[in-house]
Amino acid sequence: MLDKYNFKESEPKWQEFWQKERVYAFDPNSTKPIFSIDNPPPTVSGHIHIGHIFSYSQSEFIARYKRMTGFNVFYPFGFDDNGLPTERLVEKMRDVRAHSLPREEFRDICLDVAKQFEEDYKRVFIMAGNSADFELKYNTVSDKVQKISQKSFLDLYKKGDVYYGDKPAIWCPECRTSIAQAELESKELESSFNYINFECEELSKALEIATTRPEMLCACVCVFVHPDDERFKDFVGKEVIVPLYNFKVPVLADETVEKDKGTGAVMCCTFGDETDLMWQQKHNLPIKLAIDDGGRMTAIAGKYEGMKIKVARAEIIKDLQESGKLNKSEQITHAVSTHERCGTPMELLIKKQWFVDLLSHKEDFLKMGEKVKWYPDYMKNRYIDWVSNVDRDWCISRQRYFGVPIPVWYCRHCGEVIVANEEQLPVNPLVDKPPVSTCPKCGHCEFEPETDVFDTWHTSSVTPQINCGWGTERYNKMMPMSLRTNAHEIIRTWDFYTIVKSFYHSNCLPWENVMISGFVMADKDNKISKSKNNAKFSPESLLNEKSADVTRYWSATGSLGKDIIFSEGEFKNGAKLVNKIWNASKFVLSFLTDYEVVEPKLLPIDKWVIAKFNQMQKNFKNYMDKYEIGLAMAELERYFWNFCDNYIEIAKRRLYNPQIFGQDATDSAKYACFMVLKEMLKMFAIYLPHICEEIYKDYFEKYEKEISIHKTQMQTINIDADDNIIKQGDDVVEIVSNIRKYKSENNLSLKYEIENLEIKGYPEYVKEYDGDIKAVGCVHNIIYTSNEEKEVVIK
RNA sequence: GGGAGUUUAGCUCAGUUGGUAGAGCACCUGCCUUACAAGCAGAUGGUCAUAGGUUCGAGUCCUAUAAUUCCCACCA
């Protein structure tokens with residue numbers, strides 16, 4: 001029989017059991033309806049933090065709930081191990097730079113590191129009781145996934161939704177690669193606003209401009225003023241001299257110039273920022289590139305060539321000052337778009353890149369966002385907001401190493417693009433040959449392989465295609481998937497790009513529902529982050545010290561979509577709950593040895609506890625169906641404490657003393673205890689899978705005939721009772737509570753015996769509960785009187 | 001500047017369609033009660049951010065304001 005519960009022994013034992021018995025495996029032959037979850041593949045970028053445990057637990061609760069309510073749950077687990085995040089991890093860990101190693105060598109190191117981390121990730125997720133089916137595991141760098149990623153590209157290419165373009169792309173000089181709009185993060189940075197004179201010979205006066213990027217002077221192609229700006233009217237159409245470089249540029253008018261900003265005159269350099277880009281296109285200006293792909297000044301910068309941007313800027317400011325062209329320099333902080341991975345300000349560089357067309361189909365993407373059900377629903381606004389603001393196509397080529405190769409060659413002679421055949425996939429153009437021996441356009445036979453790889457999102461945006469087996473029969477059966485789960489910061493990337501891909505590939509939603517989780521905060525104002533080093537616990541220490549069940553409990557205390565503050569108090573509550581479940585089960589089951597399940601004639605209070613259970617379960621399911629895992633648990637927890645404090649207290653008198661209360665009364669209590677505890681444990685098993693399994697295996701397995709509680713189905717308990725039973729039982733609890741109150745207020749022990757009790761004003765039916773009231777209140781005689789205000793009087 | 005979330009007890013948060021303000025923690029008072037003292041029974045504690053409005057009735061609906069967090073825009 002149940003002795004002491006020791007989670008340190010119990011949790012690893014059951015984790016091993018579940019894996020060995022494949023308790024969470026998807027059954028491809030089942031006739032049950034499928035519930036499929038597009039589970040986020042964690043990025044292999046370092047160690048897991050408690051935010052992972054938090055958000056993966058939240059979505060995992062849903063998998064367990066669906067499994068126990070009649071669904072064949074498809075819950076795969078993936079690892080996003082290709083791409084920049086993994087490269088950065090490797091560079092840091094092994095102290096190497098990707099571009100200074102042979103490509104294959106670097107790739108091998110990456111594979112090695114990724115493998116090591118994946119093992120570690122998997123171990124920790126299993127430690128946390130995660131119920132994903134690890135046999136449905138995928139790695140984004142695997143051949144199988146590369147094939148799908150490349151197929152996705154071919155499909156887009158065939159349909160004309162991807163194009164190869166020679167246009168300015170967002171560039172990270174630190175990572176030496178192009179990046180996408182979605183990977184930018186606005187950051188407040190210190191800078192200086194420099195007021196510089198551009199002399200105009202014709203007018204014999206100077207035009208003063210203001211700039212934060214004086215190092216771009218060499219790339220200046222013109223100066224803009226507002227057409228209505230009286231101050232500069234005579235400059236328009238004239239030429240001015242760029243200081244230090246002494247070449248002339250025209251002064252042009254454009255109504256997008258803000259008169260109040262700086263001096264009202266602005267130099268346009270190609271490309272200092274997005275506005276320059278817009279002007280260049282609008283006015284068809286020449287292009288002068290001052291910055292190279294490593295973030296150093298190019299030859300046009302003259303004596304500053306080879307300097308890093310920041311160094312060149314400081315030097316130029318000094319030189320401008322010395323030459324008397326700098327009127328003033330103000331210290332400012334301004335918002336700068338930086339690469340979210342490394343914090344480096346972005347540059348705009350012209351390089352041939354592959355782009356996925358986003359701008360032509362924004363309306364469709366918005367419509368699809370409307371069709372998806374978002375939980376919580378306001379998260380839809382983030383999606384809509386982002387899609388509405390997208391103003392660039394999606395650049396998917398990366399000048400990096402550890403990623404899915406772009407399956408393309410170029411004709412050395414005419415530049416014609418040769419894409420791979422689908423049969424060839426996965427393909428690496430650096431190693432493999434193109435599908436044609438001569439260029440279909442010019443007939444030449446030499447080809448240049450593409451060296452770029454895909455943006456990681458290009459691959460992770462096809463997780464539904466990966467999960468559902470794109471191209472197989474299963475794909476059509478399973479698409480759209482039931483549920484996507486992720487935290488709110490990747491709505492604009494993962495969710496958006498996945499919708500884009502599903503639109504282009506299959507013109508359908510990738511999934512019907514999206515469940516969005518929040519972040520874990522260290523306190524009210526600070527996110528838990530590695531850089532701040534403010535996580536009190538690592539996931540492992542938490543799981544080891546507090547137990548997986550308690551950590552999961554904590555994950556369920558937040559409400560959906562909201563950030564949660566790490567609070568040790570919630571861990572304490574979780575530990576109390578686990579302890580209480582153990583004690584209550586141990587106690588109840590001690591009366592149920594060799595229990596034979598026969599529905600007896602139930603006493604009213606036993607009907608009450610069952611009816612209350614059914615009512616609670618209905619509420620629980622309502623919340624779960626809305627993905628409100630926290631509110632659902634609160635409902636269950638509240639019922640459980642009421643079950644212990646009120647029901648068990650009443651029932652135990654009968655359980656102990658069949659000789660006093662009669663065998664029928666004892667059997668009635670036994671039945672209610674058995675059924676309610678069994679069904680309650682199933683529900684708790686969603687949150688606290690280990691302790692519930694422990695109790696189940698020890699006792700309930702022989703009744704349920706499933707090898708694990710996690711394979712059982714949640715049930716309502718049939719009883720023959722009218723709706724009034726709940727009201728009646730609640731009245732009885734109220735009476736008992738009054739008796740307890742009397743004893744407490746008079747500093748009496750609860751077992752103090754009351755000779756006479758008068759119950760006034762309660763309906764007739766309370767008399768049916770007479771025996772239980774007497775027993776739990778230690779009352780000898782009860783007098784019932786009606787026609788008065790409700791009152792319980794101790795005499 | 002645009003959008004969204006939040007604001008309820010000292011703390012952390014519930015409060016579904018409007019109908020007498022809830023839980024846990026903390027604090028306080030009792031109680032060794034044939035499961036559990038990591039327990040049990042009680043008590044205290046709130047102008048539901050502010051100001052208007054709709055309504056017989058508003059924490060809940062509407063309008064405005066404030067504080068705070070997040071997303072987007074702002075990069076000359």
Side-chain angles (χ1 to χ4, degrees), chain A residues 2 184-189 191 193-194 209-213 216 220 223-224 256-258 261-269 272-276 279 332-338 345-346 376 378-386 388-391 488-489 491-492 518-519 521 524-525 527 557-559 561-565 567-570 572-573 575-591 619 622-623 626 628 630-631 634-635 637-638 641 644-645 648-649 652-653 655-657 736-737 739-752 776 778:
Chain A
L2 305 175
L184 293 176
E185 187 178 56
S186 214
K187 232 176 162 181
E188 289 287 324
L189 292 180
S191 185
F193 209 24
N194 302 286
I209 64 104
T211 181
T212 56
R213 302 206 59 183
M216 297 297 289
C220 181
V223 172
F224 278 110
T256 56
V257 173
E258 290 172 48
K261 209 160 181 172
T263 63
V266 50
M267 71 170 184
C268 173
C269 309
D273 65 21
E274 299 265 356
T275 322
D276 290 343
W279 282 326
I332 55 159
T333 49
H334 65 162
V336 179
S337 288
T338 64
M346 65 120 177
Y378 60 80
M379 286 296 178
K380 180 167 78 182
N381 296 326
R382 294 235 183 155
Y383 175 86
I384 301 293
D385 194 29
W386 174 259
S388 313
N389 283 309
V390 163
D391 55 10
H488 51 61
E489 92 281 18
I491 292 174
R492 70 178 191 180
F519 283 137
M521 309 285 286
K524 226 172 193 152
D525 303 319
K527 204 167 125 178
T557 55
S559 50
K562 271 192 206 161
D563 296 342
I564 191 174
I565 294 172
S567 120
E568 291 199 58
E570 292 298 344
K572 213 167 126 190
N573 289 347
K576 269 171 62 175
L577 175 64
V578 167
N579 189 47
K580 188 82 175 175
I581 289 174
W582 183 258
N583 284 325
S585 302
K586 194 168 78 173
F587 177 64
V588 165
L589 297 179
S590 70
F591 297 100
N619 296 340
N622 277 338
Y623 281 129
K626 289 185 281 183
E628 285 286 2
L631 297 178
E635 193 80 16
E637 207 185 339
R638 195 177 317 121
W641 289 98
C644 292
D645 298 339
I648 294 184
E649 285 303 316
K652 74 179 179 189
R653 322 282 156 175
L655 292 169
Y656 273 121
N657 305 303
V736 170
S737 179
I739 298 170
R740 287 169 172 167
K741 186 173 173 176
Y742 170 84
K743 292 182 182 176
S744 184
E745 280 175 352
N746 291 285
N747 296 349
L748 296 167
S749 159
L750 287 180
K751 91 183 165 175
Y752 172 84
V776 75
C778 305

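Numbers restart at 1 for each chain; the letters A, B, ... are given by sequence-line order, proteins then strands.
- Residue A:His488 places no side-chain N or O under 4.0 Å from the OP1 or OP2 atom of B:A4.
- The distance between atom CD1 of A:Ile564 and atom P of B:C11, rounded to the nearest whole Å, is 18 Å.
- Distance, A:Ile332 CD1 to B:C74 C1': 12 Å, rounded to whole Å.
- Relative to the side chain of A:Leu750, the nucleotides B:U33, B:A4, B:A35 differ in distance, and B:U33 lies closest.
- Only the P atoms considered, B:U17 is 8 Å distant from B:C61, to the nearest whole Å.
- In this structure, A:Asn747 places its CG atom 14 Å from P of B:A43, rounding to the nearest Å.
- Listed pair A:Ser559 / B:A14 meets the phosphate criterion, a side-chain N or O lying under 4.0 Å from OP1 or OP2.
- Backbone-only engagement by A:Tyr378 is indicated by non-hydrogen atom pairs under 4.0 Å involving sugar-phosphate atoms exclusively.
- Between the C1' atoms of B:U60 and B:U20, the separation comes to 15 Å (whole Å).
- Along RNA chain B, the nucleotide closest to A:Asn583 and the one closest to A:Trp641 are compared, and the more 5′ of them pairs with A:Asn583.
- For B:C40, neither phosphate oxygen OP1 nor OP2 lies less than 4.0 angstrom from any side-chain nitrogen or oxygen of A:Lys741.
- Within 4.0 Å (heavy atoms only), A:Phe193 reaches sugar-phosphate atoms of the nucleic acid but no base atom.
- Within the 4.0 angstrom heavy-atom criterion, only backbone atoms of the sugar-phosphate kind lie near A:Asp645; the bases stay farther away.
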*asked:* Would A:Ile648 and A:Phe587 count as a side chain to side chain contact (heavy atoms under 4.5 Å, CB included) here? Give the steps.
replied: CA-CA 9 Å; A:Ile648 294 184; A:Phe587 177 64; 3.5 Å; yes
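- Nearest nucleotide to the A:Asn381 side chain, out of B:C36, B:A4, B:G42: B:A4.
- Under a 3.5 Å cut-off, the side chain of A:Asn746 and the backbone N or O of A:Leu748 do not form any donor-acceptor pair.
- Taking atom CD of A:Glu745 as the reference point, atom P of B:C40 lies 19 Å away to the nearest angstrom.
- In terms of polar N and O atoms assigned as donor or acceptor, the side chain of A:Asn389 never comes within less than 3.5 Å of the base of B:G2 in a complementary pairing.
- You'll find a donor-acceptor pair under 3.5 Å spanning the side chain of A:Lys261 and the base of B:A76, going by distance alone.
- Residue A:Cys268 is classed as having no contact, given no heavy-atom separation below 4.0 Å to the nucleic acid.
- Mapping A:Ala210 and A:Ile648 onto RNA chain B via the closest heavy atom, the residue that lands nearer the 5' end is A:Ile648.
- Ranking B:G15, B:G39, B:G2 by closeness to the A:Leu631 side chain, first place goes to B:G15.
- Here the shortest heavy-atom pairing between A:Thr557 and A:Glu570 reads CG2-OE1, 3.4 Å.
- Here A:Ala335 lies in heavy-atom contact (under 4.0 Å) with a base.
- Not one side-chain nitrogen or oxygen of A:Lys743 sits closer than 4.0 Å to the OP1 or OP2 atom of B:U29.
- With hydrogens and angles disregarded, no donor-acceptor distance shorter than 3.5 Å links the side chain of A:Asn583 to the backbone of A:Lys580.
- If you take atom C1' in B:A58 and the same atom in B:A49, they sit 16 Å apart, rounded to whole Å.
- Side-chain atoms of A:Ser186 come within donor-acceptor range of the base of B:C74, with a qualifying N/O pair under 3.5 Å.
- An OP1 or OP2 oxygen of B:A35 is reached within less than 4.0 angstrom by a side-chain nitrogen or oxygen of A:Lys652.
- For the OP1/OP2 pair of B:C31 and a distance below 4.0 Å, the side-chain nitrogens and oxygens of A:Lys751 include no atom meeting the criterion.
- Rounded to whole Å, the separation between the P atoms of B:U16 and B:C62 comes to 14 Å.
- The closest donor-acceptor contact from the side chain of A:Asn389 to the backbone of A:Asp385 lies under 3.5 Å.
- Separation of the P atoms belonging to B:A76 and B:U7 is 38 Å when rounded to the nearest angstrom.
- In this entry the distance linking CG of A:Asn579 with C1' of B:G24 reads 16 Å, nearest Å.
- Rounding to whole angstrom units, NZ of residue A:Lys580 and P of B:A23 are separated by 17 Å.
- With both ends at atom P, the span from B:G2 to B:G46 equals 39 Å, rounded to whole Å.
- Using a 4.5 Å heavy-atom cutoff, the side chains of A:Asp276 and A:Asp273 are in contact.
- Considering only the side chain of A:Glu570, B:U12 comes nearest among B:G42, B:U12, B:A76.
- Residue contacts for A:Lys626: at a heavy-atom cut-off of 4.0 Å it reaches no nucleic acid atom on any strand shown.
- Here, B:G15 and B:G53 have their P atoms 29 Å apart, quoted to the whole Å.
- At the phosphate of B:A76, OP1 or OP2 sits under 4.0 Å from a side-chain N or O atom of A:Thr212.
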*Both distances under 3.5 Å, Watson-Crick or G-U wobble: on that basis, could you give the dot-bracket string for RNA chain B, with [ ] for crossing pairs and | for other-strand partners?*
(((((((..((((.....[..))))..((((.......))))......(((((..]....))))))))))))....
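- For B:A23, the base has no donor-acceptor partner in the side chain of A:Glu637 [N/O atoms by modelled type, under 3.5 angstrom].
- No contact: A:Glu274 has no heavy atom under 4.0 Å from any strand.
- The A:Glu649 side chain lies nearest to B:U33 when the options are B:C40, B:U33, B:A76.
- Listed candidates were B:C71, B:C36, B:A76. Nearest to the side chain of A:Asp273 is B:A76.
- Classified by interplanar angle (parallel below 30°, tilted 30° to 60°, perpendicular above 60°), the ring pair A:Phe224/A:Trp279 is tilted.
- The side chain of A:Lys576 has B:G24 as its nearest neighbour among B:A76, B:C36, B:G24.
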*A:Met216 and A:Thr211: CA distance, side-chain angles, deciding distance, side chain to side chain contact (heavy atoms under 4.5 Å, CB included) verdict*: CA-CA 9 Å; A:Met216 297 297 289; A:Thr211 181; over 6 Å; no
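- Taking every heavy atom of both residues into account, A:Cys220 and A:Met267 meet most closely at SG-CB, 3.9 Å.
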*Determine, step by step, whether A:Glu635 and A:Glu628 satisfy the side chain to side chain contact (heavy atoms under 4.5 Å, CB included) criterion, reporting the C-alpha distance in whole Å, the side-chain angles of both residues, the deciding distance to 0.1 Å, and the verdict.*
CA-CA 11 Å; A:Glu635 193 80 16; A:Glu628 285 286 2; over 6 Å; no
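- In this structure, the nucleotide among B:A4, B:C25, B:A76 sitting nearest to the side chain of A:Asn573 is B:C25.
- Across the protein-nucleic acid pair, A:Glu258 atom CD and B:A73 atom C1' stand 12 Å apart, rounded to whole Å.
- Rounded to a whole angstrom, the distance from the C1' atom of B:A26 to that of B:A43 is 14 Å.
- A donor-acceptor contact shorter than 3.5 Å links the side chain of A:Thr338 to the backbone of A:Glu185.
- One atom, CZ of A:Phe519, and another, C1' of B:G5, lie 14 Å apart when rounded to the nearest Å.
- Between the side chain of A:Ser388 and the backbone N or O of A:Ile384 there is at least one donor-acceptor pair closer than 3.5 Å.
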